[in-house]
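One structure below.
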Amino acid sequence: MTEISPYYKNSAEKIPLTSKISYSARKKMFDIFIAQMNFNENSSVLDVGVTSDDQFNESNYFEQFYPYKNKIVCVGTEDGSHLEKKYPGLKFLLVRPGEKLPFSDQSFDIVFSNAVVEHVGNKQNQQFFICELLRVSKHFFMTTPNRWFPMELHTSLPLLHWLPKGKYRKLLSRLGLNYWAKEENLNLLDKRGFFEVFPQDVFVEITSIRTFGFRSNLIAYGKSRL
């Protein structure tokens with residue numbers, strides 16, 4: 001079995017309901033991908049941010065649901081090579097955090113990235129990450145948890161993440177959640193913040209899904225260049 005990633009080690013004690021919420025939300029987001037992205041069996045797709053985890057139902061859900069596995073190239077900062085065995089035809093590449101993606105401009109018809117931008121660090125790092133995804137693709141589909149959803153799904157703690165970010169991180173440290181207290185591991189975005197990490201010359205649509213009546217996840221999609 002593939003070694004569980006640091007991300008999921010820090011989520012391993014989340015309550016079963018949280019995992020079910022996460023899986024349900026990801027299925028809804030994939031339904032929006034189907035509705036909004038114009039793809040076919042010849043479309044090349046890059047998935048940025050796959051995980052080494054193979055224990056949680058919600059892990060690497062794009063690879064589970066996307067019908068043309070042989071057209072997927074996926075990258076991650078941890079070992080996702082097990083996906084090549086699980087989905088024949090899929091290709092995996094290991095990348096280093098904070099570095100340029102090893103692809104030429106507009107190499108892919110679509111770039112997909114689920115819940116990664118909030119894990120790359122400060123706003124400047126988030127902007128660099130977004131620009132790299134746009135550089136290598138013709139169309140994009142990206143998601144991130146909504147900061148204003150009442151439950152923070154990484155920690156399974158309610159409401160505390162609504163505090164000013166500095167106070168929130170200090171509180172997480174006091175609770176022993178040192179991993180999530182670091183900005184480089186978790187920097188949540190709201191709709192305005194999500195808009196702000198995109199270049200101004202890119203027209204981006206941002207929508208959301210609802211969980212228990214609240215906007216739980218934000219989804220950005222569009223053409224990578226006008």
Side-chain angles (χ1 to χ4, degrees), residues 5 7-8 11 14 16-40 43-51 53-69 71-76 80 83 86-87 90 108-120 126 129-130 133-134 137-154 156 161 186-195 197-198 202-224:
S5 71
Y7 174 95
Y8 278 95
S11 301
K14 63 184 177 181
L17 177 59
T18 303
S19 183
K20 290 180 180 180
I21 292 172
S22 180
Y23 183 83
S24 176
R26 293 178 183 199
K27 183 62 173 68
K28 291 178 183 177
M29 290 187 287
F30 186 79
D31 289 343
I32 293 175
F33 177 91
I34 294 293
Q36 297 297 337
M37 306 306 290
N38 184 18
F39 68 92
N40 56 43
S43 301
S44 56
V45 182
L46 174 66
D47 181 4
V48 177
V50 294
T51 175
D53 175 68
D54 59 1
Q55 299 181 37
F56 291 84
N57 288 335
E58 65 265 35
S59 299
N60 304 313
Y61 73 94
F62 184 80
E63 284 67 29
Q64 295 181 45
F65 300 145
Y66 191 71
Y68 309 115
K69 320 291 189 191
K71 301 301 293 184
I72 300 174
V73 175
C74 55
V75 302
L83 294 170
K86 190 172 184 178
Y87 304 112
L90 175 149
F108 297 90
D109 295 313
I110 299 171
V111 65
F112 175 92
S113 185
N114 175 72
V116 179
V117 65
E118 72 274 13
H119 298 301
V120 302
Q126 290 175 331
F129 174 77
I130 292 291
L133 268 59
L134 298 176
S137 66
K138 298 173 184 176
H139 300 83
F140 63 89
F141 189 96
M142 310 174 198
T143 79
T144 191
N146 181 16
R147 185 186 174 199
W148 299 120
F149 185 62
M151 175 70 77
E152 204 294 292
L153 296 180
H154 300 88
S156 298
H161 56 294
L186 184 63
N187 188 13
L188 295 169
L189 297 170
D190 56 16
K191 186 175 182 179
R192 179 179 177 181
F194 205 10
F195 267 121
V197 297
F198 281 86
V202 173
F203 179 76
V204 54
E205 292 276 2
I206 294 185
T207 187
S208 60
I209 63 167
R210 289 184 178 271
T211 303
F212 301 130
F214 297 93
R215 299 181 189 276
S216 58
N217 300 77
L218 303 172
I219 301 158
Y221 60 91
K223 291 184 178 179
S224 297

Contact between [X] and [Y] at the side-chain level, heavy atoms closer than 4.5 Å - yes or no?
X: Phe140; Y: Val204; result: yes
X: Phe39; Y: Pro67; result: yes
X: Ser22; Y: Phe56; result: no
X: Val111; Y: Leu133; result: yes
X: Ser137; Y: Leu46; result: no
X: Tyr87; Y: Gln64; result: yes

Verify, without hydrogens or angle tests, whether Gln126 (side chain) and Leu189 (backbone) share a donor-acceptor contact under 3.5 angstrom.
no
Report, one line per pair, each donor and acceptor closer than 3.5 Å where one atom sits in a side chain of residues 145-152; sequence neighbours left out.
{"unit_1": "Asn146", "atom_1": "OD1", "unit_2": "Trp148", "atom_2": "N", "d": "3.2"}
{"unit_1": "Asn146", "atom_1": "ND2", "unit_2": "Arg215", "atom_2": "O", "d": "2.8"}
{"unit_1": "Arg147", "atom_1": "NE", "unit_2": "His161", "atom_2": "O", "d": "3.2"}
{"unit_1": "Arg147", "atom_1": "NH2", "unit_2": "His161", "atom_2": "O", "d": "3.4"}
{"unit_1": "Arg147", "atom_1": "NH2", "unit_2": "Leu163", "atom_2": "O", "d": "2.7"}
{"unit_1": "Trp148", "atom_1": "NE1", "unit_2": "Asp190", "atom_2": "OD2", "d": "3.3"}
{"unit_1": "Glu152", "atom_1": "OE1", "unit_2": "His154", "atom_2": "N", "d": "3.2"}
{"unit_1": "Glu152", "atom_1": "OE1", "unit_2": "Thr155", "atom_2": "N", "d": "3.0"}
{"unit_1": "Glu152", "atom_1": "OE1", "unit_2": "Thr155", "atom_2": "OG1", "d": "3.1"}
{"unit_1": "Glu152", "atom_1": "OE2", "unit_2": "His154", "atom_2": "N", "d": "3.2"}
{"unit_1": "Glu152", "atom_1": "OE2", "unit_2": "His154", "atom_2": "ND1", "d": "2.5"}

Just wondering, are more than 12 heavy atoms of other shown residues or ligands nearer than 6.0 Å to CZ in Phe65?
yes
Does atom CG (Asn40) have a neighbourhood of more than 12 heavy atoms from anything else shown, all under 6.0 Å?
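Yes - once you tally the heavy atoms of other residues, nucleotides and ligands closer than 6.0 Å, there are more than 12.
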From [X] atom [atom1] to [Y] atom [atom2], the distance as rounded to the nearest 0.5 Å:
X: Thr144; Y: Met142; atom1: OG1; atom2: CE; value: 11.5 Å
X: Asp47; Y: Tyr61; atom1: CG; atom2: OH; value: 8.5 Å
X: Lys69; Y: Leu83; atom1: NZ; atom2: CG; value: 10.5 Å
X: Leu90; Y: Lys71; atom1: CG; atom2: NZ; value: 12.0 Å
X: Ser43; Y: Lys138; atom1: OG; atom2: NZ; value: 9.5 Å
X: Ile209; Y: Asn217; atom1: CD1; atom2: CG; value: 4.0 Å

Output, in order, the C-alpha distance, side-chain angles, deciding distance and verdict of side chain to side chain contact (heavy atoms under 4.5 Å, CB included) for Ser208 and Lys191.
CA-CA 9 Å; Ser208 60; Lys191 186 175 182 179; over 6 Å; no
Minimum heavy-atom distance Ile219-Phe141, with the two atoms named:
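Heavy atoms only, the tightest pair is CG2-CZ, 3.4 Å.
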Heavy atoms of Val50 and Glu63 approach each other most closely as CG1-OE2, 3.7 Å
Evaluate the side chain to side chain contact (heavy atoms under 4.5 Å, CB included) criterion for residues Asn114 and Arg26: first the C-alpha distance (whole Å), next the side-chain angles of each, then the deciding distance (0.1 Å), finally the verdict.
CA-CA 9 Å; Asn114 175 72; Arg26 293 178 183 199; 3.7 Å; yes
Is the closest side-chain donor-acceptor distance between Ser59 and Thr51 under 3.5 Å?
no
Can you name the residues that form a ring-ring contact (aromatic ring centres under 6.0 Å, His included) with Tyr221, not counting sequence neighbours?
none
Using side chain to side chain contact (heavy atoms under 4.5 Å, CB included), reason through Phe212 and Ile21 one step at a time and then give a plain yes or no.
CA-CA 10 Å; Phe212 301 130; Ile21 292 172; 3.5 Å; yes
Go through Thr211 and Ser24 one step at a time and tell me if the side chain to side chain contact (heavy atoms under 4.5 Å, CB included) criterion holds.
CA-CA 9 Å; Thr211 303; Ser24 176; over 6 Å; no
For the residue pair Tyr66 and Phe62, categorise the inter-ring angle as parallel (less than 30°), tilted (30 to 60°) or perpendicular (more than 60°).
parallel
Report all side-chain donor-acceptor pairs from residues 28-37 shorter than 3.5 Å, counting only partners two or more places apart or in another chain.
{"unit_1": "Lys28", "atom_1": "NZ", "unit_2": "Arg210", "atom_2": "O", "d": "2.9"}
{"unit_1": "Asp31", "atom_1": "OD1", "unit_2": "Lys27", "atom_2": "NZ", "d": "2.9"}

